[in-house]
Amino acid sequence: MKSSRFKIVIPVTIGLLVFCHPWVRSAVDQTYEEMKMLLEVMNLIRDNYVQDVDTKKLVYGAATGMVRILDPFSQFLEPDAHKEMKTETEGQFGGLGIRIAIRDNVLTVITPLPGTPAYKQGILPSDRIIKIDGESTQEITIEQAVKKLRGAPGSKVVISILREGEKDLRDFTLTREIIKIESIHSSMLPDGIGYVRLAEFTQRSTQDLEKALQTLKGEGMKSLVFDLRNDPGGLLNVAVDTCRLFLGGNKLIVYTEGRRQPRQEFHADSKAPYDTLPMAILVNRGSASGSEIFAGAMQDYKRAIIIGNETFGKGSVQSVIPLADGSGLRLTTAKYYTPSGRTFHRDEKTGKGGIIPDILIDVPRETEIKLQQQEESIYADKKTDSKTDAKNNSKDKDKDKDSKDSKDVTKDSKTDTKVRDEVLERAQELLKAREIFSKMKD
């Protein structure tokens with residue numbers, strides 16, 4: 001019996017190998033021929049170009065071009081750019097304070113970060129950077145743009161912006177600074193509504209958010225406005241940990257899946273400290289990646305109401321693969337999916353993507369600029385007052401100042417006038433109405 005079983009298995013195995021072999025050989029031969037052509041071009045350039053060319057420069061150029069055709073988020077990183085990338089999420093770096101991407105083959109602002117030169121000067125999400133110091137950004141890579149935009153603190157750079165709906169370029173002269181990200185700003189609004197603004201999902205965001213929520217709870221917080229406008233994302237694990245503060249029951253928060261990447265799921269814990277806290281989440285065009293993960297999960301479970309503009313649509317996963325010479329490959333390997341299976345990654349061809357808010361409020365660009373200016377003014381005043389208060393050690397003054405600021409987070413202290421923040425106002429109205437209906441039921 002053993003002998004006959006072997007006679008059956010062997011012919012079948014050989015048959016499979018013979019069947020596969022021509023296909024495998026054809027694929028290998030084709031790849032070899034294509035690589036041969038690439039080497040031939042490189043050798044022709046090296047031997048015949050009008051001046052000497054560094055071979056490594058040619059190899060890096062070929063790698064850059066190869067990756068560029070894939071998508072706007074995949075990049076070949078030369079050693080310096082690879083090293084720079086490792087420091088991006090540590091909370092402090094030199095530059096202008098903008099997150100950028102390539103969209104529709106144009107260098108585009110994802111969002112400016114609060115308190116930074118770009119934010120102060122009124123750079124907006126979706127602004128297109130056409131020139132840097134007078135040089136065109138056409139065909140520029142992300143790493144090349146980063147090199148041009150970053151520099152010594154105190155040095156200046158001129159960026160030429162084409163804004164949505166406009167025909168003429170706007171020139172902005174920005175002075176570079178050491179960018180230190182303060183990711184959390186919080187205050188109490190009227191009617192027991194807490195307000196938290198998360199600028200970016202950095203290493204300390206979850207701990208800082210927990211402290212802010214504990215403080216607001218101690219001040220009588222009954223509901224929460226969670227402001228993710230202009231939050232470009234950041235660290236995936238921090239976005240997931242932030243969700244875990246508001247979602248329990250081991251619920252699925254987000255999962256990733258790709259052609260060669262098996263499905264990877266991220267779940268909530270069994271219990272969450274704020275799982276019943278009524279919430280409204282504010283988003284806009286500058287809300288991307290981690291912000292969209294958070295908002296998407298909350299929307300799927302009807303855990304919070306989402307208010308504002310359609311989000312940016314950055315829902316792809318990039319794996320950074322270090323290479324032998326210190327360079328790196330940032331390669332899109334998967335996409336993010338919300339618990340219901342939605343992908344929010346924007347399709348470059350159709351333009352569809354992002355998280356669609358439950359209540360869509362289209363804020364005009366000029367209003368966004370004025371709101372940024374007002375917020376920056378309040379932010380600067382608070383920093384000045386905190387320094388003065390620290391010197392005077394005046395606890396009563398602190399309380400009076402906090403009370404004044406909590407009445408209107410969009411007040412311009414310089415002009416004493418106010419631009420309406422319609423998105424924030426709508427969120428407050430909804431949370432207040434919810435509180436009233438809840439009392440009526442009781």
List the steps and the verdict of side chain to side chain contact (heavy atoms under 4.5 Å, CB included) for Thr338 and Tyr301. CA-CA 10 Å; Thr338 70; Tyr301 290 114; over 6 Å; no

Run the numbers on Asp104 and Arg128 for salt bridge (Lys or Arg N to Asp or Glu O under 4.0 Å), then give the verdict. CA-CA 10 Å; Asp104 300 327; Arg128 298 185 166 199; 3.2 Å; yes

[atom1] ([X]) with more than 12 external heavy atoms under 6.0 Å:
| X | atom1 | result |
| --- | --- | --- |
| Asp52 | CG | no |
| Asn105 | CG | no |
| Arg68 | CZ | yes |

Are Glu210 and Leu245 close enough, and set up right, to give a side chain to side chain contact (heavy atoms under 4.5 Å, CB included), and what steps lead you there? CA-CA 8 Å; Glu210 286 183 287; Leu245 295 175; 3.7 Å; yes

Please step through salt bridge (Lys or Arg N to Asp or Glu O under 4.0 Å) for the pair Arg426 and Glu422, ending with a clear verdict. CA-CA 6 Å; Arg426 185 72 66 87; Glu422 186 181 352; 3.8 Å; yes

Side chains of [X] and [Y]: closer than 4.5 Å at any heavy-atom pair?
| X | Y | result |
| --- | --- | --- |
| Asn230 | Gln372 | yes |
| Ile359 | Leu430 | yes |
| Pro112 | Leu124 | no |
| Ile129 | Ile100 | yes |
| Leu331 | Leu70 | yes |
| Leu216 | Ser186 | yes |
| Tyr337 | Glu257 | yes |
| Val196 | Asp227 | no |

Name all pairs fulfilling the salt bridge (Lys or Arg N to Asp or Glu O under 4.0 Å) condition that reach into residues 275-298, sequence neighbours left out, sorted by first residue then second. Arg285-Asp362, Arg285-Glu368

Testing the basics here: between Ile110 and Pro232, what is the closest heavy-atom pair and its distance to 0.1 Å? CG2-CB, 4.1 Å

What pair of heavy atoms forms the shortest contact from Gly233 to Ser289, and how long is it? CA-CB, 4.1 Å

What is the distance from atom [atom1] of [X] to atom [atom2] of [Y], rounded to the nearest 0.5 Å?
| X | Y | atom1 | atom2 | result |
| --- | --- | --- | --- | --- |
| Lys251 | Asp269 | NZ | CG | 12.0 Å |
| His82 | Ile321 | NE2 | CD1 | 9.5 Å |
| Thr116 | Gln121 | OG1 | CD | 10.0 Å |
| Ile161 | Asp168 | CD1 | CG | 14.0 Å |
| Ile361 | Glu425 | CD1 | CD | 9.5 Å |

May I ask you to decide if Thr333's main-chain N or O and Arg260's side chain share a donor-acceptor pair within less than 3.5 Å? no

Do Thr137 side-chain atoms and Ile140 backbone N/O form a donor-acceptor pair below 3.5 Å? no

Report the relative orientation of the aromatic rings in Tyr336 and Phe344; use parallel for angles under 30°, tilted for 30 to 60°, perpendicular for over 60°. parallel

Would you call the rings of Phe226 and Phe294 parallel, tilted or perpendicular, taking 30° and 60° as the class edges? tilted

Testing Asp231, Ile281, Leu198 for side chain to side chain contact (heavy atoms under 4.5 Å, CB included) with Ser291, which one passes? Asp231

Take Met221 and Leu213, measure what side chain to side chain contact (heavy atoms under 4.5 Å, CB included) needs, and give me the verdict at the end. CA-CA 9 Å; Met221 175 178 64; Leu213 291 172; 4.2 Å; yes

Does the side chain of [X] come under 3.5 Å of the side chain of [Y] through a donor N or O and an acceptor N or O?
| X | Y | answer |
| --- | --- | --- |
| Thr332 | Gln318 | yes |
| Arg176 | Ser155 | yes |
| Glu177 | Thr175 | no |
| Asp241 | Thr206 | no |
| Asp191 | Gln428 | no |

With side chain to side chain contact (heavy atoms under 4.5 Å, CB included) as the test, would you mind laying out the steps for Asp358 and Gln299 before giving the verdict? CA-CA 8 Å; Asp358 301 307; Gln299 189 177 53; 3.1 Å; yes

Determine whether Arg99 and Glu200 satisfy the following criterion, salt bridge (Lys or Arg N to Asp or Glu O under 4.0 Å), listing intermediate values before the conclusion. CA-CA 11 Å; Arg99 294 297 191 214; Glu200 190 169 13; 2.8 Å; yes

